[in-house]
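As structure tokens, the structure follows; a few thoughts come after it.
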Amino acid sequence: MTSKKRVVVIGGGMAAARLAGQLSAAGALGTGKAGGAGGAAVDLTVVGEEPHTPYNRVLLAGVLAGRYAPEVIGLPAPPAARWLRGVRAVRLDRAERLVRCDDGSSLPYDTLVLATGSNPVLPPLRGLFPGGGHEPPRGVHPFRTLADCRALEAAVRPGVRAVVVGGGLLGVSAARALAGRGVRTVLAHQGEHLMERHLDARASALLRGHLEGLGVEVHTECRVRGLLTAGSGGGAVARGVELADGYRLEAELVVLACGVRPRTGLARAAGLEVREGIVVDDELRTGDPRIHAVGDCAEHGGRVYGLAGAAQEQADALARVLLAGRAVNSALGGAPNSAAEGTAAGARSPAYTGTRALTRLTLAPPPSGPGSALDLAAFGETVPRAGDDVVRLADATRSVYRKVVVRGDRLVGGILLGDLGTVGALARAWEGGEPLPSAPLLHLITDDGGL
């Protein structure tokens, strides 16, 4: 790298914070001498649309539940990095190597990193944008950012009725958080069972029972087709939702937790290859050798992960790419900070070979009042193929469910719900891809994982 290499990152979220932290740990930020290959310095600018410091989005449900103050989930931003908050990048000029921003500024770059994240999916509901406007009725909230969380938190009070649309990871977390705050909560999910991307039907049934025990009314295999509102145009106020069968659920709050979609508009407009996400190679590089992409917006090996753990791993790998060299790799040799959503395996080389993600969710008890915690984790291939061995242990009275899928002598996936004493050993066996011990498969789901 040459002296004062200008690196601009678009997106001020977890991936950007991780990349900045790794470059700082390598002694590469600032204007003086730096460590790493060639002893060069990096002049790092991060363009963040949100006005806040970066934060751990995995913990947003904890903020909504009242377990954490918003400042508690903040992530450190290295002081040597120039962090532009509340600024939106609107165009990439690849010929001039400039990022054009909505405040009229232009940022030159030698290397550009797209960490634009993802947007919440807004379902095609009748009445979502009354009068042809761009804002939903008052009382309708997506649940993706800290601003979303704060707006929803301000509307929450005991006895308020809420409908959460979407029974995936985020919807379940939101419903649990609202119920813990005394909100009369309904969870409406189009799929056959909750969190079907991660859990099988038996684990989902236990999860449903846990939520219903806290007062959450759960509806599966139902589609919300429209909003019920009072007023019109910009004065419209949510009054509930209408299901496809005509049944109506009254509510003052409607929370949209229907998944996310990679933010690829800047990349697409700049002529970069976009499929589901921005296509990158093993060095997280796009078709333009000066532009990289990491996090929720990036598609590597045909896959968009949408997980915090994968975003952090990609940021680590990109730091090694940008500062390739033995001294820098040594400086970056610490373990990933994988928060609540992901772990990974693989050699710590400049190349990124993909993430083996373990999804984990803790539904903590409410800060006050009745209720107990429920932990769940899922990893790998949880749907067996023909010839796979499947071992299950279920105890409905204790809300415990364990399932592992074994192919030959390798652990290829698992679902754990309830007591997660085995998750560490099982995750290590799965990540390492090593042959399992020659012992009865039931040992895999004993308290110590049998490993």
Side-chain angles (χ1 to χ4, degrees), residues 1-2 4-16 18-20 22-23 28 37-38 40 42-49 87-102 105-119 260-307 310-325 328 344 346-355 357:
M1 296 182 69
T2 58
K4 291 189 181 181
K5 183 161 187 171
R6 298 167 300 182
V7 177
V8 175
V9 180
I10 300 178
M14 294 181 72
R18 181 70 174 196
L19 177 62
Q22 292 290 53
L23 294 175
V42 172
D43 182 3
L44 179 66
T45 300
V46 180
V47 183
E49 214 172 303
V87 176
R88 184 167 63 92
V90 294
R91 188 166 67 87
L92 308 182
D93 188 332
R94 291 169 56 192
E96 297 294 328
R97 298 209 300 272
L98 292 173
V99 176
R100 311 286 186 183
C101 299
D102 64 350
S105 63
S106 296
L107 304 174
Y109 65 85
D110 298 307
T111 294
L112 176 64
V113 180
L114 301 176
T116 49
S118 54
N119 285 326
V260 295
R261 182 177 293 116
R263 293 185 66 180
T264 59
L266 276 176
R268 193 184 298 275
L272 299 174
E273 183 181 4
V274 175
R275 296 173 191 161
E276 181 184 358
I278 304 167
V279 177
V280 296
D281 63 15
D282 288 352
E283 293 189 339
L284 289 312
R285 184 182 289 111
T286 68
D288 184 329
R290 293 183 178 272
I291 302 179
H292 301 258
V294 294
D296 288 4
C297 68
E299 178 178 330
H300 174 269
R303 182 174 181 184
V304 175
Y305 289 94
L307 296 172
Q312 291 175 327
E313 273 216 345
Q314 290 171 1
D316 291 352
L318 181 55
R320 295 193 295 271
V321 168
L322 297 180
L323 298 169
V328 173
R348 298 185 65 76
S349 67
Y352 173 72
T353 57
T355 293

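The shown structure was predicted, so the numbers you read here are calculated from the model rather than taken from an experiment. When reading the values below, keep in mind they use all heavy atoms of this one structure, side chains included, and skip hydrogens, waters and symmetry mates. Heads up: numbering here begins at 1 and tracks the sequence.
Annotation: side-chain contact (heavy atoms from CB on, under 4.5 Å) contacts of Asp102 (sequence neighbours excluded): Val87, Arg88, Val90. Legend: residues meeting side-chain contact (heavy atoms from CB on, under 4.5 Å) with Asp282, ordered by chain and number and at least two apart, are His300, Ala351. Arg290 meets the salt bridge (charged side-chain N to carboxylate O under 4.0 Å, His left out) test with no other residue; sequence neighbours excluded.
Contact between Val9 and Ala115 at its shortest, heavy atoms only, is CG1-CB, 4.1 Å. The nearest pair of heavy atoms linking Tyr352 to Ala317 is CB-CB, 3.8 Å. Between Val260 and Ser118, the shortest heavy-atom distance links the atoms CB-OG, 3.6 Å. Residue Val294 comes nearest to Ala315 through the heavy atom pair CG1-N, 4.4 Å, listed as atom of the first residue, atom of the second, then distance. The shortest non-hydrogen separation linking Arg263 to Cys297 is O-CB, 3.6 Å. In this structure, Ala28 and Leu323 approach most closely via the heavy-atom pair CB-CD1, 3.5 Å.
Judged by distance alone, the side chain of Thr286 and the main-chain N or O of Ile291 form a donor-acceptor pair under 3.5 Å. Without hydrogens or angle criteria, Ser106 side chain to Leu98 main chain gives no donor-acceptor distance under 3.5 Å. The backbone N or O of Ala270 sits less than 3.5 Å from a side-chain atom of Arg94, completing a donor-acceptor pair.
A distance of 11.5 Å separates CD of Gln314 from CG of Leu19, quoted to the nearest 0.5 Å. Separating the NZ atom in Lys5 from the OH atom in Tyr109 is a distance of 12.0 Å, to the nearest 0.5 Å. Note: Glu49 CD to Thr116 OG1 = 9.5 Å, rounded to the nearest 0.5 Å. To the nearest 0.5 Å, atom OG1 of residue Thr264 and atom CG of residue Asp296 are 12.5 Å apart. Put simply, CD on Gln312 and CE on Met14 are 4.5 Å apart, with the number rounded to the nearest 0.5 Å. Between Asp43 atom CG and Thr111 atom OG1 the span is 11.5 Å, to the nearest 0.5 Å.
Counting heavy atoms from C-beta outward, Val280 and His292 have side chains that stay 4.5 Å or more apart. Counting heavy atoms from C-beta outward, Leu107 and Cys101 have side chains that approach closer than 4.5 Å. With contacts defined as side-chain heavy-atom distances shorter than 4.5 Å, the pair Leu112/Val99 qualifies.
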Would Leu307 and Thr355 satisfy side chain to side chain contact (heavy atoms under 4.5 Å, CB included), going step by step from the backbone distance to the final call? CA-CA 10 Å; Leu307 296 172; Thr355 293; over 6 Å; no

Stepwise, does the side chain to side chain contact (heavy atoms under 4.5 Å, CB included) test hold for Leu114 with Leu92? CA-CA 11 Å; Leu114 301 176; Leu92 308 182; 4.1 Å; yes

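Contact check on Arg6 versus Asp110 returns a salt bridge, with a Lys/Arg side-chain nitrogen under 4.0 Å from an Asp/Glu carboxylate oxygen.
With a 6.0 Å radius and a threshold of 12 heavy atoms from other residues, nucleotides or ligands, Arg285 has its CZ atom above the threshold.
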